Amino acid sequence: MARLSNYLLPTEKEAPADAEAVSHKLMVRAGLVRQMGTGMWTWLPAGWRVHQRAVAIIREEMDAIGAQEMLMPVLQPAEPWRKTGRLEIEELFKLHDRKGSELVLAMTHEEAVTYHIAQTVRSYRDLPLIVYHVQVKERDEPRPRAGVLRTREFVMKDSYSFDRDQDGLQQSYELHVGAYDRIMQRTGLRFYRVESDVGMMGGLGAHEYMAPCAAGEDQIAIAPGYAANLEVALRNADVRQAGDGYELAGQQLTIEPAIEIGNIFKLGTRYSEPLGARYLDENGSDLPVWMGSYGIGPARIVAAAVEQFADERGISWPAALAPFAVHLVGIGRAGTPERDAAEGLYATLSEGGVEVLYDDRDAGPGEKFADAELLGAPLRLTVGPRSLESGEIEVQVRRGLADAPPLALGGEPQQLLRAVDELWQSLP
RNA sequence: CGGGGAGUGGCGCAGUCUGGUAGCGCACCCGGCUGGGGGCCGGGCGGUCGCAGGUUCAAAUCCUGUCUCCCCGACCA
């Protein structure tokens, strides 16, 4: 799979001096990301593996509700944005090409997708439709912050639903609720789906998927059977002040900071009207398409996972997001029997399809253990001189830093792989 | 956009007040030792001090301008 001796994983003992958020510090220290400028980040190999894990989960669940993947450009003509009135948004990057034509860098893709749907959808027979892409977004944020949490450029999965009427939109919306619930569950994050403010998108309803953690920029209000954006909760007539806090129907409301991971909107005809996305129904009536838009940020899933599960030693990935399943530490100099044993185990795991990062560096055990715990792979296997004496591979579960029963060294490969898989299945 | 802070080797910092041409720890390279929790010894490489201009015999240090980055707030399809 990968050998640490030639893998680009620049770990640091110390966090960047100006970093504040846990995810900012740890993602830099663990060699997952590096900054290029304010709100501009590079994903290094291990970090990108985690990001791609999140994307893979999202893609599977989108495909499962019949959404069709495509790709739209980031660089776009300004005209559609003028038509929807969004050219005036300050966060929108605007530029000109050499001929002086007005262009924008898309902050999201309603204009693009609606432009295409307006051209291609003519009949009620073409609906409903859900399309999506995983593409970069550009936003001239007034204040990027907290590492990868709020950036000026980031990857987003955005999907768009097109229906003939409001009932259809409601169905597409519910499909997305299902998909998003499954996505969030699969990531292993602690999360809430909350009612949100429809904001300046207008529209008919919206929810946000929020992951509670200290670095969160938003506040959510939680009570048994209830979860909402704080502003929404405070507008709820049933919510009342109680001492220092608030309560709903006699239940204490807990206020927690959280990261917005995803959001889903019922747009209605906000974009189809100005961009002319219309269809003919059975009666020959010319009607606007009803739209929904649905976004989710893989980078925020990654950062939230770091925030929620990190401990004093470093990152502790949920199994579904980990860059590597197994971090194999080989102790001892290259060429010694113990290292030969580690090499053998590495070969067995790699050939068995286990995603393993093998620390084959000429470094001391302390440094290797520290890096393993910083990077946070769910399982750490250790092979050293002691393994040769005992005939055992030591196993540490990263979450909780707990020792698991050792595995047999030098046994049947299939048996070892089965044992590793069993262990893997038991992880959070 | 308002407020605060900071730019000195890859990272973390000292030096700036009291100008005299750059230092420490980590990392990195070489040699040796060590080998189960960031180990030890010795020898090295690497920066002209964000940028521009000015003052001065002399500027990391003083002056002016400018760029960049971070934090708090406002904002946040």
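Nothing here was measured: the structure is a model prediction, and the numbers come from that model. Chain letters run A, B, ... following the sequence lines, proteins first and then strands; every chain starts at 1.
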Pair of N/O donor and acceptor under 3.5 Å linking B/rG5 base with A/Asp18 side chain:
no
Does any N or O donor sit under 3.5 Å from an N or O acceptor when you compare the side chain of A/Glu373 with the base of B/rG37?
yes
Sugar-phosphate, base or nothing in reach of [X], heavy atoms under 4.0 Å:
X        : answer
A/Ala363 : base
A/Asp371 : base
A/Asp362 : base
A/Pro16  : sugar-phosphate
A/Ser387 : base
A/Ala21  : nothing
A/Arg339 : nothing
A/Arg380 : base
A/Ala17  : sugar-phosphate

From the options [options], select the nucleotide whose nearest atom is closest to the side chain of [X].
X        : options                : answer
A/Arg145 : B/rG37, B/rG12, B/rG73 : B/rG73
A/Arg143 : B/rG10, B/rA77, B/rC71 : B/rC71
A/Gln35  : B/rG38, B/rA77, B/rC69 : B/rC69
A/Ile89  : B/rA77, B/rA74, B/rG37 : B/rA77
A/Lys13  : B/rG38, B/rG25, B/rA77 : B/rG38
A/Met40  : B/rC69, B/rC71, B/rA77 : B/rC69
A/Asn263 : B/rG38, B/rA77, B/rC75 : B/rA77

Any strand: nucleotide that pairs with [N] via Watson-Crick or wobble, under 3.5 Å:
N      : answer
B/rG2  : B/rC72
B/rG12 : B/rC24
B/rC62 : B/rG54
B/rU48 : none

Checking A/Ser196 against A/Asn229 for the side-chain hydrogen bond (donor to acceptor under 3.5 Å, both in side chains) test, could you report, in this order, the C-alpha distance in whole Å, the side-chain angles of both residues, the deciding distance, and whether it holds?
CA-CA 5 Å; A/Ser196 72; A/Asn229 186 299; 5.8 Å; no
In whole angstrom, give the distance that lies between atom [atom1] of [X] and atom [atom2] of [N].
X        : N      : atom1 : atom2 : value
A/Glu14  : B/rC70 : CD    : P     : 19 Å
A/Lys25  : B/rC71 : NZ    : P     : 11 Å
A/Met210 : B/rC76 : CE    : C1'   : 12 Å
A/Glu90  : B/rC76 : CD    : P     : 11 Å
A/Arg34  : B/rG10 : CZ    : C1'   : 7 Å
A/Asp359 : B/rG38 : CG    : C1'   : 12 Å
A/Leu149 : B/rC71 : CG    : P     : 11 Å
A/Leu8   : B/rG10 : CG    : C1'   : 12 Å

Looking at A/Thr38, does any N or O in its side chain come under 4.0 Å of the phosphate oxygens OP1/OP2 on B/rC70?
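For B/rC70, OP1 or OP2 has a side-chain N or O of A/Thr38 closer than 4.0 Å.
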OP1 or OP2 of B/rC76 versus the side-chain N and O atoms of A/Arg150: is any pair under 4.0 Å?
no
I'd like to know if the side chain of A/Thr336 reaches the main chain of A/Gly332, judged simply by a donor and an acceptor atom lying under 3.5 Å from each other, with no hydrogens or angles considered.
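Flag not set: sc A/Thr336 to bb A/Gly332 has no pair under 3.5 Å.
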Say you pick atom [atom1] in [N] and the same atom in [M]; how far apart are they, in whole Å?
N      : M      : atom1 : result
B/rG4  : B/rG9  : P     : 27 Å
B/rG19 : B/rA60 : P     : 14 Å
B/rG47 : B/rG54 : P     : 26 Å
B/rU64 : B/rG73 : P     : 32 Å
B/rC69 : B/rC11 : C1'   : 16 Å
B/rG65 : B/rG46 : P     : 37 Å
B/rU61 : B/rU55 : P     : 15 Å
B/rU34 : B/rU21 : C1'   : 42 Å

RNA chain B: 5'-proximal contact among A/Gln396 and A/Tyr294 (nearest heavy atom)
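Counting from the 5' end, the first nearest nucleotide belongs to A/Gln396.
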Between A/Arg29 and A/Trp41, just flag the one whose closest nucleotide in RNA chain B comes earlier from the 5' side.
A/Arg29
A/Trp41 vs A/His24 aromatic rings, parallel, tilted or perpendicular, using cut-offs 30° and 60°?
perpendicular
Would you call the rings of A/Tyr173 and A/His207 parallel, tilted or perpendicular, where under 30° means parallel and over 60° means perpendicular?
tilted
A/Tyr271/A/Phe162 aromatic ring centres below 6.0 Å
no
Are A/Glu88 and A/Arg82 ion-paired here, with the side-chain N under 4.0 Å from a carboxylate O?
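A/Arg82 and A/Glu88: not salt-bridged.
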For the pair A/Thr151 and A/Glu153, evaluate side-chain hydrogen bond (donor to acceptor under 3.5 Å, both in side chains) and give the outcome as yes or no after the intermediate values.
CA-CA 5 Å; A/Thr151 57; A/Glu153 173 177 288; over 6 Å; no
In a check of salt bridge (Lys or Arg N to Asp or Glu O under 4.0 Å) between A/Asp371 and each of A/Lys13, A/Arg361, A/Arg29, which one passes?
A/Arg361
Return the minimal non-hydrogen interatomic distance between A/Tyr226 and A/Ala233, and the atom names on each side.
OH-CA, 3.5 Å
